[in-house]
Structure formats: structure tokens, C-alpha cells
Amino acid sequence: MNSNPATPMNPHAPSSSFGGAGSPDSNAPRRNSKRPKYSRFTQQELPACKPILTPKWVISAFMLVTIVFIPIGVASLLASRDVVEIIDRYDNACLQGTKSQKVQSIQDPTRNKTCVRRLTVTKRMKQPIYVYYQLDNYYQNHRRYVKSRSDQQLRNRGDENETSTCKPEHEANGMSIVPCGLVAWSLFNDTYSLSTGNNRTLTINKRDISWKSDRDEKFGSDVFPKNFQNGSLIGGGSLNESIPLNEQEDLIVWMRTAALPTFRKLYGKIEQDIEAGETINVVLENRYNTYSFSGKKKLVLSTSSWLGGKNNFIGIAYLAVGGLCFLLATTFTVIYFVKPRHLGDPSYLSWNRNPGGH
Amino acid sequence: MKGWRGSRQGGDSASSPVAVERSLTSSSSIRLGRVQPQAPGHRTVFCNDRDANHLAKYKGNAVSTTKYNVITFLPKGLYEQFRRVANLYFLTISCLSFTPVSPVSPITNVIPLSLVLFVSLVKEAFEDWKRLQNDMTINNSCVDVLQEQRWESIPWKKLQVGDIVRVKQDGFFPADLLLLASTNPDGVCYTETANLDGETNLKIRKALEKTWDYVAPEKASEFKGEIQCEQPNNSLYTFTGNLILQKQTIPIGPNQILLRGCNLRNTEYIVGAVIFTGHETKVMMNAMNVPSKRSTLERKLDKVIATLFGVLLCMCLIGAIGSAVFVNKKYHYLELWISGDSQQFNPRNRFVVFVLSIFTLITLYSPIIPISLYVSIEMIKFIQSTKFINNDLHMYHSETNTPALARTSNLNEELGQVEYIFSDKTGTLTRNLMEFFKCSIGGETYGTGVTEIEMGAARRNGLNIKEKTASNTAREKGFNFDDARLMHGAWRNEPNPDMCKEFFRCLAICHTVLPEGEETPEKLRYQAASPDEAALVTAAKNFGFFFYRRTPTMIYVRESHVEKIGKVQDVTYEILNVLEFNSTRKRQSVVCRYGDGRLVLYCKGADTVIYERLASGNDELKKISREQLEQYGEAGLRTLCLAYRNLSPETYESWNEKFIQAKSSLRDRERKLDEVAELIEKDLTLIGCTAIEDKLQEGVPSCIETLSRAGIKIWVLTGDKLETAINIAYACKLINNDMKQFVISSETDAIREVESRGDQVEIAQFIRETVKNELQKCHEEAQHIVHGSTGQKLSLLIDGKCLMYALDPNLRSTLLSLSLSCSSVVCCRVSPLQKAQVTRLVRKGANKITLSIGDGANDVGMIQAAHVGVGISGMEGMQAVMASDFAIAQFRFLTDLLLVHGRWSYLRLCKVVSYFFYKNLTFTLTQFWYTFQTGYSGQRFYDDWFQSLYNVIFTALPVIIVGLLDKDVNASLSKKYPQLYKQGIDNAFFNWKVVGTLACFSVYQSVIVYNFAIASSTTGLTSAGKILGVWDISTAAFTCLVITVNLRLLMMCNTVTRWHSISVGGSILAWFIFIFIYSLVFVNKGTYFTIYVLMSTAYLYLLAILVPIVALLGDFLYQGAQRWFYPYDYQIVQEIHRHEPESIGAGLLEVGNQLTPEEERRYAFALLPRERSKHTGFAFDSPGYESFFATQQGVSAPQKPWDVIRRASMKPKSKSPRTSRH
């Protein structure tokens, strides 16, 4: 105890700790050493490895990357090459005219939207063949769009009125919409039916096209569409009110919002092989309005590999990086031999390079 | 009543061990530091009468030093926190994130902010709690108070003004007390003021004679005095008041006052009356907040943060413009024309879209400013200082049992950038260990010792003098003298034995030393205000004049018999007056009466003042003595002249009346006492002179040499004479003869001549002109040499008087540029104020990082003025340490403090700061790139929780580990290659170039992370053909990001310990654990199940390998090429010593340097001045000198209340364990 003036002065000051006032032992000099105790931590002598980025290390690291990356790149590219992919843009083909005409006709519910497309298969497609639709310039990732949904409502029957996050598509005619929000409201509703040139119907299986976790947890089995597309504006497809949401797989797929304005979504899969040279007739209902914002619509048929769909990016990236590293390794090796850098040469020290020059 | 407040210079008085009223010069209102305005009037205290005092409503004795209480803690603590701009910024962002414009949920910003605030508040609370506990123990400790004729024990906090208290031996005084009575005879008691000013020597307080009897409680309860005294103030060494006792008015001075915070020694108990209580006590009035310093790096950091904020605004602007352009009715699925919950995307009002988007994007990009940066830095620095600096065994001084102490943790990295060191001399470079070395009696010089300076000089001249080691028998602390002619009573055979006798008596009588301990020559210890004094008394003892006891009126000396060798007799001398030493007088006198009635005045002092006061005649002796004085001075010794004067009773009586009058005057008491002293200190007879050796601190020369190799320039600022300073500078290798020396001194004949005419105005003008001319001349010459090719180093020597004029605004720039071109500068005879001014000149004028190191109260100013203040602890007063940022026991520990801790701290902090920028910039940029893909809507890429935990969990720990453990080269190499330190001075690791490079890599990496994740995910990614959504891709991207930034940290490390691997691995693992749990628990989140989905794809694995490697390829290439083609010095050193194993525990036995101190000093003295300097080395260290001369010049030098001038004796006693760490 003390009334050390230092204590109030500065919290960091060493505070004295004498014995109590008048306590008999406060005078007895306690000979306890203040010598700090040794520990590797406090003496900053923790065992450590000290990697030095020597030329050898640099070169070996580059070589290692080369050795690892090139095979991966080759494998990825091969996998990607095995994938057969047919892309057919049909938005303009199915609807001619100026932009406003297109918009007008697509918005006219009475018009017949059926459109037939013919695709040629150049290479044998092994089942399963995935049918995708691909939209362009479609901002599913717009902030207003992304947040306009109610995950709670989709999941629980009881939370039907949890629509506050769904604005502006939260209610119609004074009642909550199930499923609410812009995402559901703008559900894609073009449909495709495929057959081969020799009139073999290619059945599109639309089961199990969504993530299982979505079906099991995010979309309730007891939640049924209600008051959907009943507002003044119709955004997209409508839903069968007798099927619970967790079985409305198109909706589930649609509601897994895409990351980019150009995106594909799984439409279904064909569980038959298609031989090379065969033609595919596509009868599609061109209902979805992308014309007002000049968005492209594409139909994609694709097989898949262990890597997924046709995507050369990863393979090329691996190969490029591997190649680059090889190049760098070579360059450094050349430099190493031409103008070697002696390790730990004191003449490199700045004060040795220009003596006296401070 | 105002006139009562005689402010005083210096504090010699405080250490006065003599129970006579002290005589001190009164100076004008010169004080260092702030002067507290004093309430007008005075206070009247009725002793022993609580009711009467009750009316005055004095404050209680409870003290509180806490910053907060329970109620104010939260508001006040939060207020303190939000005074930081960064916290305020995040508060704003958090508020914004509650509004609908925010793309992120409030959690994102609130969680990190509250965590940061929480940590800071806990720290504050903890510190305050410690303070509270401390207060409580103090307030609740008990003291005996007189109540109804009995001593009652009550807690301190219940004590009231006017109470009569009893304090027992070793007890602390609970408040400022008036000493009434003591158990010691003559009402004397001894106090230790270590808590107040750090001086460990005892001070005597003496009660007024009238009150001596009030010892017993029965008697004391009769005491009904009335004390009239000044209002509470913060001046520790003054007190003016009167005690009105039985209608008699008796003056009270500081001598009767016992201050709170001191404790009682060597006295059974005392009785006192409470005058000031609680916060009104002098010690509490002195409690002031030391202004906190911020490091240069942190200030630079602010600039970088401001820049980042600018970048943030630019990004927001781009996004907002994009958003305003993008919004269009054509995107029908967005229903932009329907307001929804805000107007944010209404295409009809694009300006609103623009403005709101700015807010949206600020919220989104807010992590660009690293929120946890400050708190992490604080944490790192705190651990660095408490665990590393405080515990460094290399900086532990076993002799004084003092470890290093970092008193602030703000400035660790500042230590790595110091370019200028300002050092005090005495106690810092030298030991302040005075040894009686030589003397001259009656013109005969005694003492066979050879100083190291002389040895150095001799060695240069080709002579090799072997040092005699311990040949003499009587060697003890303070006495290093050997001459058979004087020792063991042999002086009786000398030609002038009477003179010798006077000499020894003068040494034994004329002093203010207190004996302590058993009264035998072996066991008795001397308590002296200055080590010189102790050395002199010790010398007297060794010559057979053993001073063993003192009472306020008597001095007891055991003298060896004048005639018979071997016989001793106890002789008592009555001390009639003591005319104390002070810096103005530079002398000290004692009037004493021999047993036979002979009245003698003994005087000792500086040669200049003594010679002025010598009686005429005997010119031969004066001349010889003067020559000897010069010889001593040249040998680096400190000299004093001794003289005496026989007084006739009449002369004495008439003088004494004047003396008493002066003593009891209330106004200008000190000045009057000086004037009176002047009347009797004349017509002196010279006896001889003494020479005392001032020892250099251990390892100083090699330390200075190392530091200067590190590019640090060392200036010595000392109160000593020019010649002494030069000698020490030579000894310390600061100056050598190859250097071009510029000397600007006021001790020239021309100036002396003008001064002798006495016209102050003329003197000032003349000196100003001289200084101006000198400065310009030197400056030109210096420029010439600097631009020339000779490469000659320069040094500047300037004395305080010239410095005063040189610091004039007109000349300041010349002085600065001259001194900056010099590699060493010595300023001598400078005042504390000038020390501070010089420091500030370099700090402000040259914008260089400065460090001041000193040990005494006179260094406080410069310690506070410099960027970093270092105090020498363990020896002396605490004032320098109290004001300092770091306290070390020895000057040589500066090598460790700067070259090891400072350099490492700087390196580490640079890494930490740049890494923080890097990781947050990279993170935010990925977000920024995504903005372009989302119609500039401000849609977030990552989940809220990813963003908020990114800073506080996934990337937090490794950087702290690096901040603690990273080191480029180990401690011994840091000291072996001091040049490595230069990179810190040049700030090579945290400048705009570094930040720019870093930013480029950030951009590169963010582009890689973002684009690779996006570009490889456009098609179906599982063999089931399913497509990934935004949350899946962002999770994958985030995984890559976490891996990348953590690995990048590993790449920055010079050393990789277990902890590095654990923390880096742990952080990555933490991310995976988090996402595994998180994506399983929150069904309503977009991230539900994502990681499991991702894990089923090859995409995640391929990406997680590809992205970090590609992203880090750039850094790797850069680092490899940099090391290959433009290696840093430290990298070369690493390579040179790459095969050496880390020496663990090595260097703990040998401390610092390989040379023994002896070898080192010899080495140091090898280069000593060839020029013969004529100086006499006046011995008493007189830091008070400056205020004297400031007064002379009419300069008001502010003086700290604690400005204790007296140096404490070196008491080898181990102090009670005084340091408890918070």
C-alpha cells in the first residue's frame, strides 16, 4: 500500500507495493530479485526455421508448380473436351420484329408462343444429357432481386405471412403471396419438348434437378403455392397450387439465384444416348420475356464429365500457370548460371557497397 | 498573503539533512511545468478541533485516482473509444447498416465493432479496477488519531484536517502533516521521500521547539494550535505558514512539514497535525497526466488510412454512377418502378439513386479500412513491451536488480527509427560514482593514482603505464586514494601538518552528510545528497577524522590524536550555522565552534567562487593551487577548493543576528539568506583542493560506437563545463582528433571582458553578435567540408550561454543545419529547458526521430520533448523514469533496446500494418469487382458472417503471431551488424512505395481470386449437371481468399515457428469448421449446405489449389527477384549466417559485449584529446546552474515542481519490491 504519486500519474507506471502503512515488515528490505525469468518466448528465442528464398528454392518452387499443374491441366482439358455441348439461341429466331413488337407479342397472353428448333448432334452424346436454359443480361444478382424472397415462408407453412422481405411482390389483392418476392414472381416459364429426327421422343426428366438440400430443408413439403401470379402484373410462370413447394423443382432451381447476369439453369435431363448425326427437334413455348431488356435465351444440351460441364477455363489456367512457371524456372536457371548470385556475400551489404557513404 | 508563495528554484533544500533553516537563493518565478493557480487567501486550521474545522469544509482524505466509476464507465469509456476516428467511422457504418440502403445486415459491422470496443473496454476496466483497488488499500489503511486522550486507529479516508495523528516508524504519512513532536530528542525525525522524488537518502524534519512536548496522547490532546498557511499547491519544496500557539505566532517552513507519500524512518513515532488532506496534498496536486506520445509509424498509418478512405470514396463514386446509369425500367423483373421499401432504384430519379448508392456502397466496402488494426497493434505492442522488453535478460542489470521497463507500449516501433539520441552526461554516460582520487594541501599535491584519461594520454605519447591494482589497503566506495605521505597518520610528518589538519577537519565538518548505522568506521554508512560529499567525508574518515554522529547542533568526529599516532579522541564541534550549497553560490559553508571556543567558518566550493573570496596575500599558494586544479581538471577529475576563516565572536554575533533575521523573513527568504551568507564568506584562507574521479558507466564507449555505426547520431547535453564535457566526449568516442571541431563558447576573453563591465544589455548584445558570427562562420566551413571530398567528420561544441542566443528564432535554422551536418554535438552548461529546446529543435526542425536519455530531474524536459524518452533507472531519483517512456538501468542497454527490440518492433509493426492493408484491400476489391456484375446494385458477394468474421477470426491470429515472433536476424546479429538499423531510420519498410507495391499485389490477387472463381463456374459443375448459385461460388471464392491471405502471411515471415504454422493452419481450419457448422445450421441463409455441395465437386479442390498459387505467384516472383537482384542488408546477413544454429540461451551469461569493462575503457581512452585543455573541473554537479543563469539573463525558465537538483546518494540498499506490474 502506498500513496505513490506515480500511480495516479500514469497507469503504466510501476505501482509501488509496500507493506501496509506501519506494518512492521515494510522496512525489511526484501531481497527478491527482479531478474526476469528465462523463457524462450520472452527472450524471443523460440525455435524457428528460417526459410531463405535462395535461387535454388525459387527455381525448385517453380519447377514443382510446373510438375503438379501441367498434368492437372491436361486432365481437366481432356475432361472438358469429352463433354458434348449444343447451344442454341432461340430468342430472336422465335420472335421477329423490332424490340417493341417483340415485347408486345411476348406480353400478349393470347398469342401462340410455340416455336420449333432443329439441332444437329455432331458427336455422340451419352446419357445423361442435361437440358439447360441460359439467360443473358439477366440480373438475378441485383440486390433488389436477391433479397426479395422469404426463405422462412418457403419453409414453414405457418410463416405464410412472413413477406416483409418480399417487397414489392409481397401481397396481391390484400393477401400474402406464396411464394412471395421478385425471384419467385419472375419464374422462368419457357418449356421445351425434345424429340430426335426419327421421332424418338426424348423424355425430359425433371426430377432431381435441384439440390437435394434445397428440396429437403429450404422448401417445405407442406407449403403450397397460394395467391401466386394473381397480381396486376404477371412476371413469369405460374405454379400448380396442389403441388407442395418442395416438389416444384423448376422453382427451386430458379430460386437458387445465379451469381452472374449470364447464367444457366438446369431444366431437366434426358436419360437416353443420342448418336452423332442425329437431329433433335425442339418444340418450345417461348413465353418468357427477355426482349424488353434484350436478354438472350439459349437452350443448352450438354453431357458432363467428372469436372462438370464444358469449361476449358480450369484446364487452360492450370496449363498456363504450369507453363509460365516452367518458363520462369528456365529463365532463373539461365540467370543463375550466367550471373550467379553468391549467397551471403558480404560485399552486397549496403555499407560495403559504398563505404563511408552514409 | 500572496507574497507567501515564495517559489523556489531547485530543491537542494528538500534534501537538507541539517536541522537549521535552510538558506537558499530565492529566484524569480521560475518553474518548470505548469504552475497551478493558487486560491487567494490562506487556510486556517484549528488543530484538534473538528467542529471548528467543520465550518471550512475541507476535503476529506479519501483519494480516488480512477478514471471511471460504475455509472460513468460505459458512457465515458465509450466516449474515449469513439474519439478514435476509426471507431467513429465504424460506428457510422454500423448505423448505416441498419438502414435499408445497406446491402449487408447490421451484424457485419456491429460484431467486429463491438468486439473491438469490448476488448478495449475490458482493458480500460481492468486498468481502472487496479487503480480502484490501489485506492482502496490506501484509503482503508489505518492511522492513529488522537481522540479523547487516546490513540484511535481509523482508516485514512476518515482523516480530517486538524486531526492530530501519530505515525509510527516506517509508516507512511496519511496526509500533509505539520510535525509537532517526535520521539527523537530535539523533535527531529527522518523521512524518506523516495515516493515523491525518488531520492533514497533520508531527510530531516524538525518540529518547532514549542511543540516538542506533545508526544504522549494526554499531552497532545491539550494542544490547541491554530495554523495559518498557504492554500494547497503543488510545490513540493515550499511551504509558508504560521503556527499560532498561545497567542504566539511562530513561522513554519517546509522543514516542519511531512508530506503524504513519504515515510518515517529511524524514529519511533511522530505526532503531527493534519494540514492538507486527500487530493489537496502536495503529492496529489502533483499528479499529472503525462501527455501520451504517438509513434511516427502510427501517424503515418493515419495518412494511409485517409488514403484508403479516399480510395473507398472513389470506389463508391464509380459504383454509384454505375448504379444511376444502370437503373432502367426495362429490367421488368426488378419492378424498379414500384417503390418497394425504398426509392433506391427508382429510374425516374437517378440522382437519388446515385446518392443512396453511395451510402450503400460505403457500407459494402467498409472493410477496406481494417477495423481490428488498432486493437491488434495495441495488443501486439502491449505484449512486446510487457513480455519482451520488460523481461529481456540482456537488459537486466543485476547490480542494481533492475530489469528494463517499458512504461508505455505506444512507442516500441519508434525505437527502431531513432536517428538522434540526446544524452545526459552525469549518471547516464558516467556512473555518478565519485571517488576521492587526489588532493592538494597547502600547494603540495597528493595521490598517486592515474586516471584513465591520463593513461590514455600517456599511451598516446608512447608510454605504457601499468595500472596498479588494489595495492592500497584502504580502498572503499568513494575512496580511491593512495599516498603513503598522508595515510595512517603520516601527514604529521608533512611540511605543513597544521594545514593538513585543517584540510581534514574541513572535510569532516563542512558537509551535510548524515551518518547511518553503527558508529564504527567499518559499519557506518553515509547518507549524502551528492556522492561527491560522501566521497569527501569518506576520505576524511580514511585520513583519521571519522565523522560518526550528527545532531542538529553538533558534529562528532573521532579524530586521531594530533600528537600521538594511534590514539583517537572524540571531538565535538558545535555547528552554529550551515550555509548550504546551491547552484548560485557554488559553495557551502559551516560555522562551527570548537570545544575551546574557537569560531571557524569552513567553506568548500568551486575554485572560481572560492578564489574570489580569498583573503589577499599568499599569492604563491594560490598560483600553485590553481595550476594543480588545472592539472586535475585535465585528468578528468572534479575539483573543489577548501578554505576556512577564523571568526571573532563579535563578528559572528553581529552577523548571526542578520542571519536569523533573514531566516525568519517570509519574503524572499532564500535571496536574503544568500546575501547574508555573502557577508561572512569572505577573507577566506585557502587550505587546498580535492579531486574526485567521475567514473564512466560500463560499456558506454562501445555502445556509442555501435550506435553510431547504426547511423544514429549522439548528442551530449550536459550541465558540466565545456572541458569536462569534451573529455567525456572523447572518452565516449564521440569526438576524436580526426574530426573537425567547431567550438562556440562564451568563455572567450572578449566576452569576459565585456561581462566584466557588467552592463547586461551590452553583454547580451555582444554575445548575440559573437554567436551569430561564429555560427555563420562554422556553417560556411561545415558546408565546405560536407561538399568537399575529404569526408571529414564534424563535431560541434557549444555552451549553454551561446546556445541561448543560437536558439533565437533568427539563428535557429543556421544552428540546425550546422548541427545536422555534424556527426556529434556536445552542448555543455545547458539548462533543463535548453535540453528540451535542443531536442525540440531537432524534432520539429529536422523532422527526425529523436530519443532522449537521462537519469535526473533535470532531464525530464528533454525526455518529454523527444519522440522517445528513456530514463536511467535503478540508481537515482525516479523523476526521469517517471517522465520516460522506457526505463533501462544502463546506458549500454540502449543497444539492445534500439538495435534489437526497436528494430524488431519496427519490422514487425510494418509487416502487421501492411498485411492488414493487404488483406482488407484484397477482400474489399473482390467485392468491388462483383459490383460490376450486379448492375451496380451493391449486392454483396459474401455472406454477412463471412465478412464480419474475416477480420476477427479467419485472419486475426497469424498476423498477431507475426507481430510478436517475426525476426529477420537474431539478437546477436542485430548487434553485430548495427548498420541494419539504418533501414528503420530510412523507414524502408513502410513508405508509400511499399504501400503502393502492396496495393498492386492486392489488386492482382483480388482479380485472380474473383475471376478464377467466377470464370470456372459458368457451367454445370457436378457430374449431376447441377449449377451453382451465387452463394456457392462466393463460398468457394472466400475459401480461396482465406487460404491465399493466410499463406501470403507465411510468405512474409522471416522465421516460421510452430506458432506460425499453428495459427495459419488454425485460421484456415477455423474457416472450414465455421462453414461446416454455419452452412448446416442456418437454413434460411443462402449459404445453407453450400460447403457440402461444393465438397462434392472437383471444382472446389481444383480452385483451392489453383487460386492461391496463382495469386501468390506474383508475390513469390517479386520476393525472389528482389532477393536475387536487390537484396536487403538483412537478407545478406541471413545468408551469411544461414548455417549457424539459433543459439538458444547463449549470451545470457556474458552481458552485452565481449570486452571486459576494463579493456573497454582502455580501448575507449585510446583516443583522447591531444590538445591541452585548461580547466579545473569544478566538482559539484550543478544542474541548478541553468536557472541561475536564466535569471541573470532575465529568461523565465519554467521549473518543474519536482525539480530536485540534489542527486541522491547511491544507496546500495535493495529497494523494497516496488514494481508490481499491472
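As a basis for the values below, the full set of heavy atoms in this structure was taken, side chains included, without hydrogen atoms, waters or symmetry mates.
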Side-chain heavy atoms of L307(A) within contact of T1097(B), under 4.5 Å: no
By side-chain hydrogen bond (donor to acceptor under 3.5 Å, both in side chains) - contacts of Q983(B) (at least two apart): none
Chain A interface, residue from T1055(B), V1083(B), T1057(B) that has the most non-hydrogen pairs under 4.5 Å: V1083(B)
Proximal component of K329(B), with respect to chain A [non-hydrogen, under 4.5 Å]: neither
Per-residue contact mode, L266(A) against chain B (heavy atom under 4.5 angstrom): both
Residue pair I335(A), F1125(B): steps toward the side-chain contact (heavy atoms from CB on, under 4.5 Å) verdict: CA-CA 11 Å; I335(A) 297 174; F1125(B) 301 111; 3.9 Å; yes
Leading residue by heavy atom contact count with chain A [cutoff under 4.5 Å; candidates T360(B), D144(B), V900(B)]: T360(B)
Sub-6.0 Å ring centroid separation between F332(A) and W1124(B): yes
Y291(A) portion near chain B, given a 4.5 angstrom heavy-atom threshold: neither
Residue, of G1120(B), A1098(B), P103(B), that accumulates the most heavy atom pairs under 4.5 Å with chain A: P103(B)
Which of D208(A), D151(A), D214(A) touches chain B most, by non-hydrogen pairs under 4.5 Å: D151(A)
Within-4.5 Å side-chain heavy-atom neighbours: L393(B) and Q43(A): yes
Closest contact, heavy atoms only, Y318(A) versus L1102(B): OH-O, 2.5 Å
Chain B contact via Q134(A) - which portion, at a heavy-atom distance below 4.5 Å: neither
Part of L154(A) within contact of chain B (heavy atom distance under 4.5 Å): neither
Ring pair (Phe, Tyr, Trp, His ring centres under 6.0 Å) partners of Y331(B), counting only residues at least two apart: Y139(A), F293(A), F326(B)
Selection from G1086(B), S1016(B), G1029(B) maximising heavy-atom pairs under 4.5 Å formed with chain A: S1016(B)
Salt bridge present between D968(B) and K50(A) (N-O < 4.0 angstrom): no
Greatest number of heavy atom pairs closer than 4.5 Å to chain A - which of N140(B), I1105(B), L264(B), D1129(B): D1129(B)
Within-4.5 Å side-chain heavy-atom neighbours: N311(A) and Y1099(B): no
pair V1030(B)-V146(A): side-chain heavy atoms closer than 4.5 Å: no
E1135(B) to I52(A) - nearest heavy-atom pair and separation: CG-CG2, 4.1 Å
Salt-bridge contact D1032(B)-R256(A) (side-chain N to carboxylate O under 4.0 Å): yes
Contacting moiety of C325(A), where chain B heavy atoms sit under 4.5 Å: side chain
Distance-minimising heavy-atom pair for G1025(B) and Y132(A): O-OH, 2.6 Å
Distance (rounded to the nearest 0.5 Å) between F1089(B) CZ and K212(A) NZ: 7.5 Å
Partner chain B: residue of S186(A), P51(A), C49(A) with the largest heavy-atom pair count (under 4.5 Å): C49(A)
pair R143(A)-R940(B): side-chain heavy atoms closer than 4.5 Å: no
Residue F941(B) versus chain A: region with a heavy atom under 4.5 Å: neither
I209(A) to K1026(B) - nearest heavy-atom pair and separation: O-CG, 3.8 Å
Worked check of side-chain contact (heavy atoms from CB on, under 4.5 Å) between V183(A) and Y333(B): CA-CA 8 Å; V183(A) 190; Y333(B) 54 92; over 6 Å; no
Contact origin within S292(A) toward chain B - heavy atom pairs under 4.5 Å: both
Residue T262(A) versus chain B: region with a heavy atom under 4.5 Å: neither
Chain B contacts, top residue of A259(A), G295(A), S294(A) (heavy-atom pairs, under 4.5 Å): A259(A)
Nearest-0.5 Å distance that lies between atom CZ in R35(A) and atom OG in S398(B): 7.5 Å
Contacting region of I1109(B) [heavy-atom separation from chain A under 4.5 Å]: side chain
R1058(B) CZ: over 12 foreign heavy atoms closer than 6.0 Å: no
Point-to-point distance, once rounded to the nearest 0.5 Å, from CH2 of W211(A) to OH of Y1088(B): 13.5 Å
Flag side-chain contact, heavy atom, 4.5 Å: L1113(B) against L324(A): yes
Check: L1106(B) and F69(A) side chains under 4.5 Å, non-hydrogen atoms: yes
Proximal component of V321(A), with respect to chain B [non-hydrogen, under 4.5 Å]: side chain
Between F345(B) and H142(A), ring centroids under 6.0 Å: yes
When G236(A), S150(A), S148(A), S210(A) are compared by non-hydrogen pairs under 4.5 Å with chain B, the top option: S210(A)
For chain B, the option from Y336(A), W57(A), F313(A) that forms the most heavy-atom pairs under 4.5 Å: F313(A)
Proximal component of N137(A), with respect to chain B [non-hydrogen, under 4.5 Å]: both
For chain B, the option from N289(A), V300(A), L328(A), T54(A) that forms the most heavy-atom pairs under 4.5 Å: N289(A)
Any W1059(B) side-chain heavy atom under 4.5 Å of L46(A) side chain: yes
Distance (rounded to the nearest 0.5 Å) between S937(B) OG and K147(A) NZ: 9.5 Å
Candidate pair H901(B) and Q44(A), rule side-chain contact (heavy atoms from CB on, under 4.5 Å), full reasoning: CA-CA 10 Å; H901(B) 290 283; Q44(A) 310 197 56; 3.5 Å; yes
Considering all heavy atoms, the nearest Y396(B)-K34(A) contact: CE1-C, 3.6 Å
Residue selection (most heavy-atom pairs with chain A, distance under 4.5 Å) from I1014(B), V1133(B), D135(B): I1014(B)
Which atoms of L53(A) approach chain B - backbone, side chain, both or neither, heavy atom under 4.5 Å: both
Atom pair CG/CD1 of L1103(B) and I314(A) - distance to nearest 0.5 Å: 6.0 Å
Between OG1 on residue T1018(B) and CZ on residue R264(A), distance to nearest 0.5 Å: 6.5 Å
L1117(B) vs F62(A), side-chain contact (heavy atoms from CB on, under 4.5 Å): CA-CA, chis, key distance, verdict: CA-CA 9 Å; L1117(B) 190 62; F62(A) 282 135; 3.6 Å; yes
